[in-house]
Amino acid sequence: MLSTTEGYMTPDGRQIGGVVMEMKNITLKFGGVTAIEDISFDIHEGEIRAIIGPNGAGKSSMLNVISGFYIPQQGEVFFRGAKRAQLKPFEVARQGIARTFQNIALFEGMSVLDNVMTGRLTHMKAGIISQSLWRGPAEREETENREICERVIDFLEIQSIRKTPVSRLPYGLKKRVELARALASEPKLLLLDEPMAGMNVEEKEDMSRFILDVNDEFGTTIALIEHDMGVVMDLSDRVVVMDYGKKIGDGTPNEVRNNQAVIDAYLGVSHD
Amino acid sequence: MLYREAGDFSTTYREDNQTFPIRFDRYRYYAVMLIAFLVIPFFVNDYWVNAIFLPFLIYSIAALGLNILTGYCGQVSLGTGGFMAVGAYAVYKLMTAFPDISVLIHIVLAGGVTALVGILFGLPSLRIKGFYLAVATLAAQFFLVWVFNRIPWFYNYSASGQINAPERTFLGFTVTGAETKAWVAYLVCLVFVTISAIVARNMTRGALGRSWMAIRDMDIAAEIIGVNPLKAKLSAFAISSFFVGISGALYFSVYLGAVEVGEVFGINKSFLVLFMIIIGGLGSVFGSFIGAAFLVLLPVLLKNVLVGYFGWQTDVAAHLEFMIIGGLIVWFLIVEPHGLAQLWRLGKEKLRMWPFPY
């Protein structure tokens with residue numbers, strides 16, 4: 001198991017940097033239910049980190065702790081070397097953490113382009129006067145950020161639906177637009193909550209390729225939750241396995257695959 | 001066949017971002033502005049201005065304001081009448097306290113005062129949504145009307161409890177008071193409407209507008225991509241109230257001249273403006289205008305046709321108006337929640353293809 005702050009080399013020859021985010025002894029309770037119990041793990045810069053586990057294991061809760069929705073009762077979150085105070089979700093976003101949702105959370109009343117542009121909101125600082133006149137900083141910012149968004153739109157191959165209202169799009173494309181919105185903010189850490197849920201094989205292949213490309217071209221650190229084991233094993237550099245709120249495994253896909261506790265959690269244990 | 005985007009290429013993002021990307025639309029807009037500013041003032045008489053143009057223009061500003069709050073930011077408000085009253089009383093106090101300063105500046109300042117009041121009554125929106133927020137703003141409506149009725153300082157201790165607009169001039173023309181010429185009042189309102197519409201359009205297509213719409217469509221996702229809900233909601237309340245305040249100020253000073261707050265700015269006014277944006281189109285600047293035009297013109301039209309032409313009794317015609325408006329609201333809410341503006345948009349889409357739809 002890797003616990004050093006040094007980077008490491010992946011089998012396919014990518015250099016992974018030091019620790020970018022570290023969760024230390026996180027415990028999260030909802031009343032009497034313990035969703036997460038004393039879990040620690042870290043995410044290195046530039047790696048694809050998967051969180052897996054059966055239903056109800058606490059994976060999404062973990063992501064919600066990272067993005068500031070849930071406040072853990074115990075534990076500390078370190079981001080880029082510094083201990084993170086308890087932040088509101090929008091402050092977390094400003095630190096450079098973007099995410100997508102398990103159930104698509106796009107803005108249905110807006111066009112694809114506007115949705116992607118909302119990803120740039122944390123970077124737009126023009127004052128209210130300038131915005132109301134559409135002159136000076138506001139107009140300049142609009143154009144600059146539009147360029148960045150158009151790059152993301154090109155990258156994810158959604159140029160043709162740029163001006164379509166999101167509510168008219170099919171499921172697979174919505175997922176892609178949501179990824180585009182997260183990418184538009186140029187995140188340092190990208191959290192993906194089941195990016196491939198409900199997709200067919202081709203859509204999954206497309207999405208996998210996009211995730212790998214994002215990691216490869218922008219060097220974005222990615223933490224993802226996924227149920228498709230084939231995808232997880234192929235994509236991720238390291239895997240955290242959770243079950244009933246506890247961490248039962250952590251390591252490279254191969255290590256995890258041969259971990260007895262993980263096999264028991266997924267396949268069940270014989271009781272004789 | 002004129003209405004085409006073929007041959008219209010945007011080569012910069014700036015061109016692509018403009019309000020009327022299609023050339024035909026742009027020319028039509030210029031034509032409408034020319035007629036409104038240079039032709040209509042020479043032909044209007046008192047009846048047209050007082051029955052149609054002034055209410056239409058002033059309600060347009062109010063509808064724009066409410067549309068920013070309800071249509072763009074998704075915060076339902078039933079306090080429009082109250083906020084209009086704030087604008088009216090603010091401009092009255094400013095006009096009587098500083099008679100030397102131009103009344104147009106007072107009207108803008110009255111908008112600012114209303115914005116502050118709007119922020120105050122917008123605070124509950126941080127904790128409550130939907131119906132509950134509607135009730136909270138309803139409280140604002142009743143509270144504000146009560147305040148202006150009960151505290152004599154607001155109406156300068158006048159015996160009647162009314163406020164009367166003193167006569168004020170701008171560039172030598174009488175703008176407020178009984179001597180105001182119809183075309184002057186029309187032009188003053190038109191200038192305010194034009195500026196308001198441009199400002200509203202610019203705000204709603206930029207970063208601010210996107211943060212409002214993000215809050216409207218899904219507030220949790222908006223927060224996760226970095227929208228500060230406090231800032232987005234309160235700015236929507238402030239800017240919305242600013243416009244509503246200006247419309248209230250114009251309604252009192254330029255249009256009516258004398259106001260009794262409970263009658264003019266009661267709950268009925270709040271609902272009227274809300275109906276305007278529902279019929280016109282939630283989340284559309286243009287919709288605010290057609291909504292206002294529709295609800296101003298409908299009674300005039302019904303009165304002229306039913307009473308003037310068919311010889312019906314006035315009260316029957318008035319009740320028919322209620323029925324028609326009520327039916328339309330229900331119809332629009334069920335069939336076309338984006339209102340007349342959406343029908344207009346669909347019509348344009350059809351027109352783009354016409355006469356060869358394939």
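Proteins come first, then strands; the chains are lettered A, B, ... in the order of their sequence lines, and each starts at number 1.
The backbone N or O of A:Ser132 sits less than 3.5 Å from a side-chain atom of B:Asn202, completing a donor-acceptor pair. The backbone N or O of B:Ser284 sits less than 3.5 Å from a side-chain atom of B:Asn67, completing a donor-acceptor pair. Although no hydrogens or angles enter the test, the distance criterion places no donor-acceptor pair under 3.5 Å between the side chain of A:His227 and the main chain of A:Ala197.
At a 4.5 Å heavy-atom cutoff, B:Ala200 makes no contact with chain A through either its backbone or its side chain. With a threshold of 4.5 angstrom between heavy atoms, A:Lys125 does not approach chain B through any atom at all. For chain A, the nearby parts of B:Arg205 are the backbone and the side chain; heavy atoms of each come within less than 4.5 Å. For chain B, the nearby parts of A:Glu147 are the backbone and the side chain; heavy atoms of each come within less than 4.5 Å. With a 4.5 angstrom heavy-atom cutoff, A:Ser185 does not touch chain B via any of its atoms. Only the side chain of A:Arg181 comes within less than 4.5 Å of a heavy atom of chain B; its backbone N, CA, C and O stay farther away. If you measure heavy-atom distances from A:Gln131 to chain B, the contacts under 4.5 Å come from both the backbone and the side chain. Proximity to chain B (any heavy atom under 4.5 Å) is shown, for A:Met110, by both the backbone and the side chain. In this structure, the portions of A:Ile128 lying under 4.5 Å from any heavy atom of chain B include both its backbone and its side chain. For A:Leu121, the part lying under 4.5 angstrom from a heavy atom of chain B is the side chain only.
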What do the steps show when you test B:Arg345 against B:Gln342 for side chain to side chain donor-acceptor pair (under 3.5 Å), and what is the final call?
CA-CA 5 Å; B:Arg345 218 170 291 143; B:Gln342 179 70 9; 2.7 Å; yes

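A salt bridge links A:Glu108 and A:Lys174; the closest N-O separation between the charged side-chain nitrogens and carboxylate oxygens is under 4.0 Å. Between A:Arg146 and A:Glu150 there is a salt bridge, since at least one side-chain N of the basic residue sits less than 4.0 Å from a carboxylate O of the acidic one.
Contact count versus chain B (heavy atoms, under 4.5 Å) is highest, among A:Met124, A:Arg94, A:Glu91, A:Glu139, for A:Glu139. No other option in A:Arg99, A:Arg120, A:Met117, A:Lys88 has as many heavy-atom pairs under 4.5 Å with chain B as A:Met117. Ranked by non-hydrogen atom pairs under 4.5 Å with chain A, the options B:Ile239, B:Asn228, B:Val199 are led by B:Asn228.
When all heavy atoms of A:Val65 and A:Arg84 are compared, the closest pair comes out as O-NH2, 3.4 Å.
Counting heavy-atom neighbours within 6.0 Å of B:Tyr27 OH, excluding the residue itself, gives a total of 12 or less. Enclosure of atom CD1 in B:Ile220 is not indicated, since only 12 or fewer non-hydrogen atoms of other residues, nucleotides or ligands lie within 6.0 angstrom.
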